[in-house]
Structures are given as C-alpha cells and as structure tokens.
Amino acid sequence: MKPRDQAPGPAGPDPAGPDPADPDVGADVPVRGLWDGQGPVFAVVAAGGALGAVARYGAAVLWPTVGGAFPWTTFLVNVVGCALIGVLMASVAELRPHTHRLVRPFLGTGVLGGFTTFSTYVLDVRGLLVAGRYVAAAGCLFGTMAAAVLTVWGSASLARYVLRERPAGALGTEEA
C-alpha cells in the first residue's frame with residue numbers, strides 16, 4: 001500500500017486521494033505513471049474504436065439519410081449499440097473473474113464506443129430543426145435517449161437473467 005492510501009495522518013487526508021482503480025486493469029498491474037500498465041488498454045481501445053467506427057460508417061453508406069428525413073440509420077445504430085453494451089456489461093459482471101481484463105475496454109469502450117454515435121445524433125437533430133421538422137427533431141432528440149436507456153436496461157436485465165439461469169458449469173464458469 002502506498003503511503004497516501006493509508007489512513008490520514010496529523011496533516012489530514014492526502015488531497016489527491018487514493019489512486020483511481022479500474023476493475024479491468026486489475027489490481028496486480030502496478031501503475032507508476034500514466035502509461036505504466038495501460039499500454040494494452042490503450043491499444044485495444046484504439047483497435048476496437050477503429051472497428052466500431054468503420055462499422056458505423058458502413059451502416060451510413062448502406063442506408064444513407066436524405067437531408068431533412070428522420071435519421072433512422074443513426075437511431076438504429078445507437079439502439080443496437082446500446083443493446084450490445086447492456087449485454088456486454090451484464091456478461092462481464094456475471095462472468096467475472098472469468099473474463100479477460102481487456103474484454104470490456106476492447107468491446108465496450110472501443111468497438112461499441114466507436115459504433116454508437118451520439119455526436120451524429122445531435123447533428124441529425126440540428127438538421128431536422130434547420131429543415132423545419134420540429135416534431136421529428138423532438139422525436140429524434142427524446143426518442144433516441146429513451147430508446148437508448150431502455151435498451152441498455154432491458155438487454156442487461158435479459159443477459160443477467162439468462163446468465164444466472166444457465167446450467168452449472170456452462171461457459172466454463174463452474175464453481176469450485
């Protein structure tokens with residue numbers, strides 16, 4: 001334990017507080033500087049982000065949105081991405097410690113972070129407003145957020161249920 005993580009001394013607690021911890025990095029990885037122990041995490045986030053962004057771009061090329069039309073492609077990309085994020089997060093939580101520490105950064109932050117596109121969603125809302133489609137803009141603005149939150153919650157709940165109901169020993173997670 002580092003001195004600053006110990007109980008406060010006469011001068012009070014260290015203003016920097018305890019070191020931050022990411023459960024995917026692992027407690028066994030010593031972190032001394034910005035890059036110590038983080039190289040693999042940065043690498044998988046970058047690789048996953050590239051894959052997710054290419055997939056999102058591919059969806060936009062295959063199903064383009066005509067100016068002023070409701071951005072169904074962006075909406076569906078975000079909803080599908082949120083569903084996958086819910087399944088991923090529930091799976092990682094339920095299968096821990098059997099998941100590799102780089103699974104969540106690669107798939108969650110990388111692939112799905114690159115795939116979902118809330119910046120494009122905001123630009124789509126702006127485009128609808130500029131085109132004078134105020135009801136569609138409001139529907140896109142609030143509908144996307146509602147669908148995203150409900151989809152993450154629903155897919156995570158379903159994944160947790162399925163994983164908890166699996167037969168003992170399924171997925172190589174047999175309890176000792």
Side-chain angles (χ1 to χ4, degrees), residues 1 5 17-31 34-63 70-122 124-125 139-176:
M1 183 157 55
D5 291 337
D19 287 337
D22 183 339
D24 294 321
V25 173
D28 59 335
V29 177
V31 178
L34 175 64
W35 294 99
D36 289 347
Q38 296 295 313
V41 177
F42 279 101
V44 299
V45 168
L51 292 173
V54 167
R56 178 190 47 193
Y57 180 76
V61 168
L62 287 173
W63 303 289
F70 190 87
W72 286 109
T73 302
T74 303
F75 178 83
L76 292 174
V77 160
N78 286 332
V79 170
V80 167
C82 285
L84 294 173
I85 288 169
V87 169
L88 172 68
M89 298 313 285
S91 299
V92 168
E94 290 295 319
L95 299 176
R96 196 175 291 258
H98 303 286
T99 54
H100 192 278
R101 72 182 186 95
L102 298 176
V103 167
R104 189 181 69 146
F106 174 70
L107 292 175
T109 306
V111 174
L112 296 173
F115 182 65
T116 55
T117 173
F118 286 90
S119 57
T120 301
Y121 142 79
V122 171
D124 288 341
V125 170
C140 184
L141 180 67
F142 298 111
T144 298
M145 296 290 16
V149 170
L150 290 173
T151 301
V152 168
W153 174 79
S155 64
S157 297
L158 181 62
R160 273 193 303 275
Y161 173 78
V162 168
L163 290 168
R164 287 179 181 161
E165 295 299 317
R166 71 188 183 278
L171 302 173
T173 59
E174 189 170 352
E175 298 288 326

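Throughout, residue positions are numbered sequentially from 1 according to the sequence presented.
If you take OG on Ser91 and CZ on Arg96, they are separated by 11.5 Å, rounding to the nearest 0.5 Å. Rounded to the nearest 0.5 angstrom, Phe106 CZ and Leu88 CG are separated by 11.0 Å. Note that the CG atom of Asn78 and the CG atom of Leu112 stand 11.0 Å from one another [nearest 0.5 Å].
For the residue pair Cys82 and Thr116, the shortest heavy atom distance occurs at N-CG2, 4.2 Å. In plain terms, the two heavy atoms of Ala147 and Phe75 that are nearest each other are CB-CZ, 3.8 Å. Across Ala159 and Val87, no two heavy atoms sit closer than the pair CB-CA, 4.0 Å. Listed here is the closest heavy atom pair of Arg56 and Gly114: CZ-O, 3.4 Å. Taking each heavy atom of Val44 and Pro105 in turn, the nearest pair found is CG2-CB, 4.0 Å. Looking at every heavy atom in both residues, Ala156 comes nearest to Ala90 through O-CB, 3.5 Å.
Under the 30°/60° scheme for interplanar angles, the aromatic rings of Trp72 and Phe70 are found to be tilted.
Side-chain contact between Leu84 and Ser155: absent, with no pair of heavy atoms (C-beta onward) separated by less than 4.5 Å. Tyr121 places a side-chain heavy atom less than 4.5 Å from the side chain of Leu141. You'll find the side chain of Trp63 stays beyond 4.5 Å of the side chain of Val77, heavy atoms only.
Using a 4.0 Å cut-off between charged nitrogen and carboxylate oxygen, Glu94 and Arg164 count as a salt-bridge pair.
Among residues two or more places apart in sequence or in another chain, the side chain to side chain donor-acceptor pair (under 3.5 Å) test is passed with Thr74 by Asp124.
With a 6.0 Å radius and a threshold of 12 heavy atoms from other residues, nucleotides or ligands, Phe118 has its CZ atom above the threshold.
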